[in-house]
Amino acid sequence: MKIAIVGCGFVADFYLSTLSFHPQLELIGVTDKRPERIKQFAEHHALPTYASLEELLADPQVDIVLNLTNPRSHFEVSKAALEAGKHVYSEKPLAMSIDQAKELVSLAAEKGLHISSAPCSALSETAQTVWKALRENVVGKVYLVYAEMDDGLVHKMPYQHWISDSGMPWPYQDEFEVGCTLEHAGYYVNWLTMFFGPARSVTAFSSCLVKDKVQDVVLAPDDTPDFSVACIQFQSGVVARLTCSIVATHDHQLRIFGEDGVLSIHDCWKYDDPVYVQRMLRIRRKVLMNPFRQKLPLVRKTPNFKTRGAQKMDFCRGVAEMADAITEGRPSRMAADVSLHNNELAIAIQNSLATGGPYTLTTTFEPPQPMVWAQ
Ligand SMILES: NC(=O)c1ccc[n+]([C@@H]2O[C@H](COP(=O)([O-])OP(=O)(O)OC[C@H]3O[C@@H](n4cnc5c(N)ncnc54)[C@H](O)[C@@H]3O)[C@@H](O)[C@H]2O)c1
């Protein structure tokens, strides 16, 4: 399946670093609205280029457009790609507003095209192992989940020195303006909806705690939360509390509390993160948690990641899943309705700064299948 990249920025290098894991994907060209970035990225990776988005979309060979532009460009680029008859795999969020996300999904359906949005971390070995353990009732009936996406005081870190392989700087202005919730909630939301099905409602609180994060750019800091906490009520009855911040110290753990024990992991950004189970023990008249955790074997070994930095993620896995679904004529495990629902949850949490109160989800999805190697 032939793919083309729009957006030769920081994250594009991450996609290139795992492209070789998926021989069914052939990258036939890249473009960006900044010509110097096309040149720098294409020369670094020895890739063919398109001079513009229009030129890329006019190429009948392109099957899937990989939209790696900044969040606020996602809607216009994905819409143009769908209108040109291309399948779209977009970085997160699918769109910045739920109306725009719905418009994209309707347009794709009208045209018989696929559209999906990152992250694809629910397809990781760790997530698939957790899901299998849940299906096999390893901790009994699940009532409650705690998920954390705290990244520490990012504005105090030397982010000016965070440079990708091809030399692209980390886009701090965009990251601070879009905010950690819209950027990161999806990393656990996509696991939770896969495990527990569609959400019914979400009650969230978000706030901007550090208002003068960055001195050298004009921001609207009060509009962008740097902390959010959300309680998601799933239709299945499970409740999950999800926290996102760039204030509290780094913590990406997930804990799933069941009647017979706790399933946990340390970090959803690592596809090979170990999965632990801690079981309840009954000793005479007492019930207590076994102090020893058991490590569950991952459903399969992960590929050999060469990425630098805080994560070990196969960014191209979601694109490969889309390509396989198209080839096999089946729904993708990251189908449009799944991406739309996840996007609606992330936007509702982000917007709780303005709206407060409970939000009732307006979208739902057909449950996806586990990966073949995790069934
Ligand atoms: N930065 C990270 O660590 C990271 C990690 C995972 C995911 N992401 C996601 O990846 C996406 C891109 O982030 P990034 O860090 O690469 O940003 P970036 O600013 O480094 O790169 C984005 C590129 O898209 C280009 N672009 C923007 N609008 C365009 C348009 N209309 N047409 C053509 N090109 C356009 C920009 O010129 C820029 O080169 C975002 O959605 C972000 O949420 C980022």
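Fair warning: this is a prediction, and the values are worked out from it, not measured in the lab. Each ligand, and each atom within it, is numbered from 1 in the order the structure gives. Note: hydrogens, waters and symmetry copies are ignored here, and every other heavy atom, side chains too, is used.
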Quiz item: Within a reach of under 6.0 Å around CD of Glu366, are more than 12 heavy atoms found that belong to other residues, nucleotides or ligands?
Solution: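 Atom CD in Glu366 is not packed in, count stays at 12 or less.
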Quiz item: Got a sec, which residues hit side chain to side chain contact (heavy atoms under 4.5 Å, CB included) with Glu259, two or more places apart in sequence or on another chain?
Solution: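 Glu259 satisfies side chain to side chain contact (heavy atoms under 4.5 Å, CB included) with Lys141, Tyr143 once adjacent residues are dropped.
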Quiz item: Hey, is the main chain of His114 close enough, under 3.5 Å, to the side chain of His87 for a donor-acceptor pair?
Solution: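 Answer holds: yes.
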Self-check item: Asp174/Arg72 salt bridge by N-O under 4.0 Å criterion
Solution: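 Yes, charged N to carboxylate O under 4.0 Å.
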Exercise. Quick one, list the residues around ligand 1 where some non-hydrogen atom comes in under 4.0 Å, by chain and residue number.
Key: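 Under the 4.0 Å cut-off, ligand 1 touches Val6, Gly7, Gly9, Phe10, Val11, Asp32, Lys33, Arg34, Arg37, Leu68, Thr69, Asn70, Pro71, Ser73, His74, Glu76, Val77, Glu91, Lys92, Trp170, Pro171, Glu175, Glu183, Tyr187, Phe315.
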Let me have the donor-acceptor pairs involving side chains of residues 199-208, under 3.5 Å, with sequence neighbours excluded, atom names and distances please.
from, atom 1, to, atom 2, distance (Å)
Arg200, NH2, Gln235, O, 3.4
Ser206, OG, Gln350, O, 3.4
Ser206, OG, Ser352, OG, 3.2
Ser206, OG, Leu353, N, 2.9

What side-chain donor-acceptor pairs closer than 3.5 Å can you find for residues 284-304, not counting sequence neighbours?
from, atom 1, to, atom 2, distance (Å)
Asn290, OD1, Phe292, N, 2.8
Gln294, OE1, Arg279, NH1, 2.6
Arg300, NE, Glu125, OE2, 2.9
Arg300, NH2, Glu125, OE2, 2.9

